[in-house]
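First comes the structure, then the notes that go with it.
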Amino acid sequence: YPALSPDGKWLTYYRHPGHLGIYNLENKQTKEIADDMYNKQPPVWISNTHILYYSTNNQLMLLDISTGEKRMTGYEKIIPGALSPDGKTVLCGNYDGNKIVLYSINDNKIETVYKHRLYIASSFIWRPDGRSFLFSRQTWTEQLKFREGGALFLFSLKDGTAKDLMP
């Protein structure tokens, strides 16, 4: 799960078991920056020096790559997904896969924006305006057919609705 910093200078990558490495694309140097990363979720860059990641102890963690300082955000079972276009919030899923929350970087607060009984993927894509995003969620049809995939939805933060794009 590689992730590129906003300035394009750093690349983070996962190394089994539980190690998060960083590679400087300018000077070609690598170093390990965390040893408690949960292996199924990529980190999310929230600035050129800070990363949000999901730890092996089920914590949403904030890591400063310049100092190596790690800080618990105080939220358990919240998995970071995508930084908003304005850089102020991060779309996150929960460990149980049935909620989408917005994590406010400056306030260190979360707000649930969508809940469902079926599985919701934690890989989100923001629209450039920052007022809506794409996500996939399992539907009853997929569940009845024993499929793991999901339908694609467009969620509007303005009115809180999720529109199925492939009915």
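All values below were derived from every heavy atom in this structure, side-chain atoms included, with hydrogens, water molecules and symmetry-related copies excluded.
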Query raised in the report: Is K115 reaching over with its side chain to a backbone N or O of T112, donor-acceptor style, under 3.5 angstrom?
Result: no
Query raised in the report: With no hydrogens and no angle check, is any side-chain donor or acceptor of S156 less than 3.5 Å from a backbone partner on G160?
Result: no
Nearest 0.5 Å, please: how far is [atom2] in [Y] from [atom1] in [X]?
X: T12; Y: I33; atom1: OG1; atom2: CD1; value: 6.5 Å
X: N98; Y: D96; atom1: CG; atom2: CG; value: 5.5 Å
X: F133; Y: L154; atom1: CZ; atom2: CG; value: 8.5 Å
X: Q41; Y: I78; atom1: CD; atom2: CD1; value: 12.0 Å
X: I125; Y: S132; atom1: CD1; atom2: OG; value: 11.5 Å
X: E76; Y: S55; atom1: CD; atom2: OG; value: 9.0 Å

Over all heavy atoms of both residues, which pair between [X] and [Y] is shortest? Give the atoms and the distance, please.
X: W45; Y: P6; answer: CB-CD, 3.8 Å
X: P43; Y: M37; answer: CD-CE, 3.5 Å
X: W10; Y: L4; answer: O-CD1, 3.3 Å
X: L63; Y: G68; answer: CD1-O, 3.8 Å
X: T89; Y: I105; answer: N-CD1, 4.2 Å
X: I65; Y: I22; answer: CD1-CD1, 3.5 Å

Query - Pairs satisfying salt bridge (charged side-chain N to carboxylate O under 4.0 Å, His left out), at least one member in residues 124-133, at least two apart - result: D129-R131
Query raised in the report: Is it true that F124 and F155 have ring centroids separated by less than 6.0 Å?
Result: no
Can you find a heavy atom in the side chain of [X] that is under 4.5 Å from one in the side chain of [Y]?
X: K109; Y: Y75; result: yes
X: L134; Y: L165; result: yes
X: V44; Y: Y53; result: no
X: I110; Y: L102; result: no
X: V101; Y: N94; result: no

Query raised in the report: Is the shortest distance from a Lys or Arg side-chain nitrogen in D36 or K70 to a carboxylate oxygen in the other one below 4.0 Å?
Result: yes
Requested in this report: Using the side chain to side chain contact (heavy atoms under 4.5 Å, CB included) rule, take R71 and M61 through it: C-alpha gap first, then chi angles, then the decisive distance, then the call.
Outcome: CA-CA 6 Å; R71 181 175 59 87; M61 302 293 290; over 6 Å; no
Query raised in the report: Only one of N108, L52, I79, V90 forms a side chain to side chain contact (heavy atoms under 4.5 Å, CB included) with L60, so which one is it?
Result: L52
Query raised in the report: For Y23 and K28, what are the C-alpha separation, side-chain angles and deciding distance, and is it a side chain to side chain contact (heavy atoms under 4.5 Å, CB included)?
Result: CA-CA 7 Å; Y23 178 71; K28 313 287 190 240; 2.9 Å; yes
Query - Full working for side chain to side chain contact (heavy atoms under 4.5 Å, CB included) between D64 and H50 - result: CA-CA 5 Å; D64 182 332; H50 289 82; 3.4 Å; yes
Report task. Carefully, step by step, assess R15 and E32 under the rule side chain to side chain contact (heavy atoms under 4.5 Å, CB included). Result -> CA-CA 9 Å; R15 237 189 43 212; E32 183 179 301; 3.8 Å; yes
Query raised in the report: Is Y95 reachable from I100 through a run of I, L, V, M, F, W or Y residues, each pair having side-chain heavy atoms under 4.5 Å apart?
Result: no
Requested in this report: Give a yes or no on whether K88 atom NZ has more than 12 heavy-atom contacts from other residues, nucleotides or ligands under 6.0 Å away.
Outcome: no
**Report entry** Neighbour count >12 (heavy atoms, 6.0 Å) for atom OH, Y13
**Finding:** yes
Requested in this report: Please identify each residue that fulfils ring-ring contact (aromatic ring centres under 6.0 Å, His included) with Y54, with sequence neighbours left out.
Outcome: Y38
**Report entry** Step-by-step ring-ring contact (aromatic ring centres under 6.0 Å, His included) determination, F135 to Y114
**Finding:** CA-CA 11 Å; F135 71 98; Y114 184 76; 5.1 Å; yes
